[in-house]
Amino acid sequence: MPMNSDRERRTAGRVSAEWRDARGDQALPPLTSLGLAQAAADWHDRFLIRSDGHMPSAVFIVCGDTLRSDWDMERLGRNLKDALPDGLRQRFAEACQQALAKGAPVHVEGGYHDPDLRPVLFRCVMLPVQVPNKVGYYIYGGYSQKTAA
């Protein structure tokens with residue numbers, strides 16, 4: 001079942017454009033160039049994850065209110081394996097690892113079933129970000145979904 005919603009396409013495109021603009025001539029944009037403080041109001045469908053050697057253990061540092069609602073995430077600081085629905089968890093973690101390994105955006109789309117066994121279609125983009133003067137990377141991204149009736 002293809003996703004044709006403008007919201008899904010706009011989210012990935014908008015987040016990817018912000019990442020490219022923040023990157024400039026650098027291989028990866030620094031975290032500070034994303035303007036996180038100024039963009040907080042627009043973070044409904046965005047997230048920031050602190051990378052981890054074992055990506056399912058990576059922690060959500062920022063997660064928009066729409067995503068927190070979609071994923072029943074009552075608080076920040078949860079890791080991918082505890083915060084994400086079963087059918088999304090592995091693909092999400094793999095895409096984060098690919099983005100870090102490639103140093104480039106990774107787009108993922110697919111589907112899974114929610115706890116009520118309704119099909120959920122999703123699109124997301126994972127974008128690697130560096131932290132200047134520190135060892136470590138983050139994943140900045142956008143996610144959108146729609147639940148079938």
Side-chain angles (χ1 to χ4, degrees), residues 1-24 26-31 33-36 39-40 42-131 136-149:
M1 183 183 323
M3 289 178 73
N4 294 320
S5 171
D6 286 339
R7 177 177 168 236
E8 286 82 12
R9 293 192 191 284
R10 285 194 310 253
T11 297
R14 198 171 50 245
V15 171
S16 295
E18 290 168 2
W19 183 84
R20 280 191 307 275
D21 290 346
R23 185 182 72 172
Q26 303 173 70
L28 295 177
L31 182 60
S33 69
L34 290 174
L36 302 180
D42 296 327
W43 272 65
H44 305 290
D45 50 11
R46 301 172 198 192
F47 57 84
L48 185 66
I49 300 168
R50 186 180 65 225
S51 69
D52 188 277
H54 178 64
M55 209 60 204
S57 298
V59 173
F60 281 97
I61 302 300
V62 179
C63 190
D65 57 354
T66 301
L67 299 182
R68 290 174 70 180
S69 173
D70 289 346
W71 297 333
D72 291 327
M73 186 187 307
E74 62 277 350
R75 63 178 175 79
L76 289 175
R78 295 190 66 202
N79 60 35
L80 273 61
K81 69 182 173 206
D82 294 334
L84 297 175
D86 290 340
L88 180 61
R89 188 176 303 130
Q90 186 63 31
R91 285 186 272 181
F92 209 90
E94 288 172 359
C96 287
Q97 289 172 321
Q98 290 172 0
L100 290 170
K102 291 171 43 176
V106 171
H107 294 265
V108 181
E109 61 181 73
Y112 64 92
H113 288 87
D114 70 9
D116 296 324
L117 300 179
R118 294 176 299 186
V120 176
L121 301 175
F122 73 91
R123 274 201 178 105
C124 63
V125 61
M126 312 295 187
L127 305 137
V129 179
Q130 64 184 338
V131 180
Y137 295 91
Y138 287 74
I139 297 291
Y140 171 59
Y143 175 94
S144 57
Q145 72 177 36
K146 68 178 179 179
T147 305

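Using a distance-only test at 3.5 Å, with no hydrogens or angles considered, a donor-acceptor pair links the side chain of D114 to the main chain of D116. No donor-acceptor pair under 3.5 Å is formed between the side chain of Q145 and the backbone N or O of V120.
Remark: D82 engages no residue in a salt bridge (Lys or Arg N to Asp or Glu O under 4.0 Å) (not counting sequence neighbours). Partners of H54 according to the side-chain contact (heavy atoms from CB on, under 4.5 Å) rule, which considers only residues two or more places apart in sequence or in another chain, are D52, P56, S57. Legend: residues meeting side-chain contact (heavy atoms from CB on, under 4.5 Å) with K102, ordered by chain and number and at least two apart, are A104, V106. For R20, the salt bridge (Lys or Arg N to Asp or Glu O under 4.0 Å) criterion is met by no residue, not counting sequence neighbours. Residues forming a side-chain hydrogen bond (donor to acceptor under 3.5 Å, both in side chains) with D21 (at least two apart in sequence, or on another chain): none.
Counting all heavy atoms, side chain and backbone alike, H107 lies closest to S16 at CE1-OG, 3.7 Å. Scanning both residues, R89 and L84, for their nearest heavy atoms gives NH2-O, 2.8 Å. Heavy atoms only, all atoms of each residue included: P128 and P29 are closest at O-CD, 3.7 Å. Pairing each heavy atom of L80 with each of M55, the nearest pair is CD2-O, 3.9 Å. When all heavy atoms of T11 and S144 are compared, the closest pair comes out as OG1-CB, 4.2 Å.
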Please report, to 0.1 Å, the donor-acceptor pairs under 3.5 Å made by any side chain of residues 91-100, with sequence neighbours excluded.
| residue | atom | partner | partner atom | Å |
| --- | --- | --- | --- | --- |
| R91 | NH1 | G111 | O | 3.4 |
| R91 | NH2 | G87 | O | 2.8 |
| R91 | NH2 | G111 | O | 2.5 |
| E94 | OE2 | Q90 | NE2 | 2.9 |

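Rounded to the nearest 0.5 angstrom, I61 CD1 and I49 CD1 are separated by 9.5 Å. In this structure, R23 CZ and L127 CG are separated by 10.0 Å, a value rounded to the nearest 0.5 Å.
Looking at heavy atoms from C-beta onward, W19 lies in side-chain contact with V129 at the 4.5 angstrom threshold.
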Open item on the list: side chain to side chain contact (heavy atoms under 4.5 Å, CB included), that's the test. Do I139 and F47 meet it? Break it down for me.
Closed with: CA-CA 8 Å; I139 297 291; F47 57 84; 4.1 Å; yes
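Taking the six-membered ring for Trp and thresholds of 30 and 60 degrees, Y112 and F122 have ring planes inclined between 30 and 60 degrees apart.
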